[in-house]
Amino acid sequence: MICIPITARSTEDTISEMSLASKYADLIELRIDYITELQDAETCIEKSLNSKTKPVIITNRPKREGGKFSGSEQDRLRLLQKAIELGADYVDVEYDSSNHITKRNSSKIIISYHNFKETPHNLNKIYNDICQRKPDIVKIVTYANDITDNIRIFDLLNTANMPTISFCMGELGQISRILTGKFGGLLTFASLERGKESAPGQLTVDELSKIYHFKSINERTKLYGIIGNPVSHSMSPVIHNASFREKGLNNVYVPLKISNIGAFIKECGKMDFRGFSVTIPHKESILPFLDEIDHTAGKIGAINTIVKQNGRLTGYNTDCMAAVMGLEQSLKETDDTLNNKKVSIIGAGGAARAIAFGLKEKGCDIIIYNRTLERAEKLSNDVKCRFEGFEKIHKLDSDILINTTSIGMFPDVDRTPVPQTVLKAGMIVFDAVYNPIETRLLQDAKKRGCRTVNGLTMFIQQAAEQFRLWTNIDPPIELMSNVVRETLSRLPA
Ligand code: NAP
């Protein structure tokens with residue numbers, strides 16, 4: 001179930017937001033502590049309960065538990081008791097206040113514990129202490145300082161013997177808000193829209209429903225995720241969740257912001273993860289923690305995909321073939337191939353590495369240009385090709401030019417890594433940057449009569465290949481492309 005908290009400041013706004021939220025939510029939580037005037041709070045409870053169309057939880061959170069109520073404790077408890085007298089469906093009472101509230105009518109009591117600093121190690125004791133007060137529902141909400149904190153919340157939910165709401169707050173706790181249904185959690189909270197969150201890390205109801213298909217998640221749902229840092233702006237959850245749904249798979253894909261990769265890999269075995277995408281900064285650092293590495297990925301020395309089968313983790317690199325495929329498609333238009341093509345690659349990071357190895361195998365004559373010369377030298381030694389410093393870029397002369405730096409990426413959309421003079425008619429220009437889809441480099445290239453390949457082609461192909469590796473099913477490429485284009489078009493310009 002999805003519960004939308006209402007954090008309006010007045011009765012009028014509460015009623016109107018409740019009415020809107022009721023279209024999307026299974027339950028509404030009225031955060032009485034957000035109401036500015038104490039007198040208004042009492043009226044608000046009464047009017048809201050009279051006009052409700054969905055079950056309502058009344059909450060009046062004190063400051064000590066992260067709430068906003070600034071009046072006396074006596075007034076706070078009086079309002080909660082009033083909500084019970086008026087027949088609220090649920091009343092949320094903090095553990096330390098639960099002895100001061102009397103259960104009446106059909107109102108159900110949620111006894112809650114909130115910790116805004118951490119996920120303590122004595123969760124079972126907290127749970128048992130709450131149970132002894134005989135609530136109808138237990139609620140334990142903590143703060144995730146590490147992604148593995150979520151696992152302890154999942155363990156708690158797995159062993160809970162009464163209706164329980166439990167998740168972690170904060171960015172690192174988002175997966176527990178998304179996946180609570182898999183582990184038996186009663187509900188999750190989602191904000192009506194951005195800016196109306198009642199706690200850190202809360203997703204919007206739109207994100208939960210449209211990206212993660214929250215209500216389809218159950219104990220049989222298989223887990224996938226993107227390992228990286230940062231990951232909050234990754235488009236991979238949008239693309240993979242849409243594809244899983246399109247193919248009728250009971251899978252969900254979540255962002256995993258990881259700082260300590262070794263600790264995560266050790267702990268993630270406790271969850272039902274079947275595969276991962278891997279992005280900056282873990283594409284290379286993750287290698288020692290894998291059981292097997294695919295031949296091409298091993299040669300590249302970086303992976304972007306993990307398949308978990310029979311408890312074993314195998315790493316692959318789908319960036320490599322995705323880039324090669326994009327270029328081959330472009331060459332096919334003139335019945336040409338990559339063999340013997342002169343290729344200039346700008347950049348020497350992870351993307352450059354994958355692309356350089358792929359093109360070397362296809363018989364290309366490669367030269368790397370990079371700002372940090374040592375990095376260019378290292379990559380050229382590994383691939384067995386030439387290298388130059390960034391300052392020599394104006395001299396480049398090749399059949400194919402590839403940008404693998406972030407120059408030109410949003411928001412620096414007016415920047416380009418090369419002067420227009422190096423762009424010659426007939427040249428193929430490929431930009432790995434995909435936001436925006438048509439970068440300044442590609443615009444310049446078109447004007448100069450070059451053929452262009454955008455980064456979106458590579459992005460879609462690498463995701464499509466991941467999908468195939470995880471599911472053994474043909475990926476819905478057109479849908480993937482539409483989903484990314486649509487998401488990019490909604491980003492701020
Ligand atoms: P990375 O490993 O961090 O490498 C970044 C590269 O860009 C390095 O060579 C770096 O040079 C260079 N660079 C960054 N800022 C620069 C600047 N201001 N001037 C000159 N050089 C600069 O990153 P990555 O994983 O290779 O990703 C690079 C780009 O490719 C990103 O824009 C990413 O979004 C894109 N990408 C796209 C796809 C796709 O599917 N389309 C896949 C992967 C990556 P130094 O060595 O001197 O720092």
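Read the numbers this way: they start at 1 and go in the same order the structure lists the ligands and their atoms.
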Quiz item: Between atom CD1 of Ile258 and atom NE2 of His282, what is the distance when rounded to the nearest 0.5 Å?
Solution: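 Answer rounded to 0.5 Å: 6.5 Å.
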Identify which of [options] has a heavy atom lying nearest to [atom].
| atom | options | result |
| --- | --- | --- |
| atom 34 (O) of ligand 1 | Arg415, Met458, Met409, Lys283 | Met409 |
| atom 47 (O) of ligand 1 | Thr372, Thr318, Asn435 | Thr372 |
| atom 48 (O) of ligand 1 | Gln461, Gln462, Arg371, Glu284 | Arg371 |
| atom 19 (N) of ligand 1 | Ile355, Asp412, Thr457, Ile407 | Ile407 |

Using a 4.0 Å cutoff against the non-hydrogen atoms of [X], which atoms of ligand 1 qualify?
| X | result |
| --- | --- |
| Ser406 | 14 (C), 15 (N), 32 (O) |
| Ala348 | 9 (O) |
| Gly347 | 9 (O) |
| Arg375 | 2 (O), 8 (C), 45 (P), 46 (O), 48 (O) |
| Val433 | 32 (O) |
| Ile280 | 23 (O), 25 (O) |

Is the gap between the ring centers of [X] and [Y] under 6.0 Å?
| X | Y | value |
| --- | --- | --- |
| Phe244 | Phe467 | yes |
| Phe183 | Phe154 | yes |
| Phe459 | Tyr434 | yes |

Exercise. Give yes if a backbone or side-chain nitrogen or oxygen of Ala352 is under 3.5 Å from a nitrogen or oxygen of ligand 1, and no if not.
Key: no
Practice problem: Specify side chain, backbone, both or neither for Phe459, according to which of its non-hydrogen atoms lie closer than 4.0 Å to ligand 1. | Solution: both
Practice problem: Report the residues that fulfil salt bridge (charged side-chain N to carboxylate O under 4.0 Å, His left out) with Glu65, sequence neighbours left out, ordered by chain and then residue number. | Solution: none
Self-check item: Heavy atoms of other groups near Glu219 CD, more than 12 under 6.0 Å
Solution: yes
Quiz item: Is it the case that more than 12 heavy atoms not belonging to Lys247 sit under 6.0 Å from its NZ atom?
Solution: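 Correct, the count exceeds 12.
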Exercise. Could you pull out all residues at least two apart from Lys342 that satisfy side-chain contact (heavy atoms from CB on, under 4.5 Å)?
Key: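 Scan of Lys342 (side-chain contact (heavy atoms from CB on, under 4.5 Å), adjacent residues dropped) gives Asp365, Asp397, Ser398, Asp399.
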